[in-house]
Amino acid sequence: MLKKLVLLFALLAVANAVTLRKWIASHEKTCFYAQTSAPGKKISFYFAVHQGGNFDIDFEVEAPNNRPLFKGEAERQGDYVFTANQPGEYAFCFKNGLASFADKQVEFDISVENEARPEDIAKRSKRDEVMNSVVTIASDLGQITKFMKYFRTRENRNFATVSSTESRVWWFSVLQSLSVVLVAVMQVYAIRALFTAKRSRL
């Protein structure tokens, strides 16, 4: 039992992660921030658009000195990992572009980890094999989580595509039915007018 508790707390200490979902209105720009207390920390940033418009959004990642690190336009999803070379507040901003008139739901994950240096790994391999196993397990769990998020995003997009196709098919069927009824009514009136004209001649 004690070993399980140690393993659990070690896993929690490996990374500080936050997973959020937010609706971003049309023409809105919103930012989120991650604080690093010392240089050399690894920051991972993942996002995916789950609902709204063409499932795309503009994003930008800025360093504490307002220097842009990553930037993209009309991106559906992204997965970035970088080392924070200076301590401070890193900004992760989303912008629902000027060409979009639909609200969009974005799921994103920001995690700050302690990036192990080679000399630390060498020392750890000699004295603490349990911690190495914990780090490996945490890395594998992170990869599994990313795959799950990716498939969930694909599922949401496919569901939206199916719903949109179903709506279009329904409206097409309605218009087709109305067209058939309209043509039938026009044919009836045309035939009646034809026989009425013949009777008037007789």
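Position 1 is the first residue of the sequence, and the numbers go up from there. Small disclaimer: the values here were computed from a predicted structure and weren't measured.
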**Q** Any side-chain heavy-atom pair from I110 and F92 closer than 4.5 angstrom?
**A**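 Touching, per the 4.5 Å side-chain cut-off.
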**Q** Does any non-hydrogen side-chain atom of Q86 lie less than 4.5 Å from one of N65?
**A**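 N65 vs Q86: side chains touch.
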**Q** Is it true that D56 and K104 make a salt bridge, defined as a side-chain N closer than 4.0 Å to a carboxylate O?
**A**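 The answer is yes: the pair qualifies as a salt bridge.
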**Q** Distance check, rounded to the nearest 0.5 Å: E89 atom CD versus N66 atom CG?
**A**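 The CD atom of E89 sits 10.5 Å away from the CG atom of N66.
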**Q** What distance separates D103 CG from I24 CD1, expressed to the nearest 0.5 Å?
**A**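 It is 9.5 Å, given to the nearest 0.5 Å.
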**Q** Is it the case that the side chain of T36 and the backbone of G88 share a donor-acceptor pair, with hydrogens and angles ignored and the cut-off at 3.5 Å?
**A**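 Side chain of T36 to backbone of G88, a donor-acceptor pair under 3.5 Å: yes, one is there.
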**Q** What do you reckon, is CD of E73 surrounded by more than 12 foreign heavy atoms closer than 6.0 Å?
**A**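 Check fails, neighbour count at 12 or below.
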**Q** Within the supplied structure, the quantity of interest is the number of heavy atoms (other residues, nucleotides, ligands) at a distance under 6.0 Å from R154 CZ; does it exceed 12?
**A**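 At most 12 heavy atoms, drawn from other residues, nucleotides or ligands, come within 6.0 Å of this atom.
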**Q** Please examine the side chains of S163 and T161, heavy atoms only from C-beta on, and report whether any two atoms are closer than 4.5 Å.
**A**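 No. Closest side-chain heavy atoms not under 4.5 Å.
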**Q** Looking at NZ of K41 and OG of S111, how far apart are the two atoms once the value is rounded to the nearest 0.5 Å?
**A**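 Answer rounded to 0.5 Å: 12.0 Å.
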**Q** Could you tell me if the side chain of P39 sits less than 4.5 Å from the side chain of N85, heavy atoms only?
**A**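 No, too far: nothing below the 4.5 Å cut-off.
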**Q** Give, for atom CD1 of I57 and atom CD of Q77, the distance between the pair rounded to the nearest 0.5 Å.
**A**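 Rounded to the nearest 0.5 Å, the CD1-CD separation comes out at 13.5 Å.
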**Q** Going by heavy atoms in the side chains, are F108 and F32 under 4.5 Å from each other?
**A**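 Sidechains of F32 and F108: in contact.
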**Q** Hydrophobic cluster membership, with links at side-chain heavy-atom distances under 4.5 Å among I/L/V/M/F/W/Y: are L20 and V49 in one?
**A**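 Per the 4.5 Å side-chain linkage, L20 and V49 are co-clustered.
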**Q** Report the C-alpha distance between F55 and H50 in whole Å, list the side-chain angles of each, state the deciding distance to 0.1 Å, and finish with yes or no for side-chain contact (heavy atoms from CB on, under 4.5 Å).
**A** CA-CA 7 Å; F55 298 93; H50 278 243; 6.0 Å; no
**Q** Decide whether L178 and W171 are clustered together by the hydrophobic rule: side chain heavy atoms of Ile, Leu, Val, Met, Phe, Trp, Tyr closer than 4.5 Å, transitively.
**A**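 Shared cluster, yes.
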**Q** Hey, is the main chain of A25 close enough, under 3.5 Å, to the side chain of E28 for a donor-acceptor pair?
**A**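 Side chain of E28 to backbone of A25: a pair is present.
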**Q** Aromatic rings F70 and Y80: how do their planes relate, parallel, tilted or perpendicular, breaks at 30° and 60°?
**A**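 Taking Y80 first and then F70, their aromatic rings sit tilted (interplane angle of 30° to 60°).
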**Q** Are V180 and V188 joined in one hydrophobic group, where the rule is that I, L, V, M, F, W and Y side chains link up if heavy atoms are under 4.5 Å apart?
**A**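 Shared cluster, no.
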**Q** What I'd like to find out is whether the side chain of I43 reaches to under 4.5 Å of the side chain of Y90, using heavy atoms alone.
**A**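 SC-SC contact between I43 and Y90 confirmed.
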**Q** Working to the nearest 0.5 Å, report the span between OG of S177 and CG of L182.
**A**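 Interatomic distance, S177 OG to L182 CG, rounded to 0.5 Å: 12.5 Å.
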**Q** Assess whether side-chain contact (heavy atoms from CB on, under 4.5 Å) is satisfied between K29 and C93, documenting all intermediate values.
**A** CA-CA 7 Å; K29 180 179 180 180; C93 299; 4.0 Å; yes
**Q** Does E60 pair with K95 as a salt bridge, N-O distance under 4.0 Å?
**A**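 Looking at E60 and K95, the cut-off is not met.
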**Q** Answer yes or no: are there more than 12 heavy-atom neighbours, outside D79 itself, under 6.0 Å from its atom CG?
**A**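 Check passes, neighbour count above 12.
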**Q** As a quick check of understanding, evaluate side-chain contact (heavy atoms from CB on, under 4.5 Å) for F45 and V61, giving each step before the final call.
**A** CA-CA 9 Å; F45 172 54; V61 180; 3.8 Å; yes
**Q** Just so I know, are the side chains of N96 and H27 near enough to count as touching, which here means a heavy-atom distance under 4.5 Å?
**A**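 Side chain of N96 against side chain of H27, heavy atoms only: no contact under 4.5 Å found.
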**Q** Evaluate the criterion ring-ring contact (aromatic ring centres under 6.0 Å, His included) for residue pair F59 and F94; output intermediate values, then yes/no.
**A** CA-CA 4 Å; F59 79 96; F94 298 101; 7.3 Å; no
**Q** Please report the interatomic distance CZ(F151) to CG(N158), rounded to the nearest 0.5 Å.
**A**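 F151 atom CZ to N158 atom CG measures 11.5 Å (nearest 0.5 Å).
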**Q** Going through the distances and angles, do L69 and F82 end up as a side-chain contact (heavy atoms from CB on, under 4.5 Å)?
**A** CA-CA 9 Å; L69 299 176; F82 62 94; 3.7 Å; yes
**Q** Are any of the side-chain heavy atoms of E107 and K22 separated by less than 4.5 Å?
**A**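 A side-chain contact under 4.5 Å is absent here.
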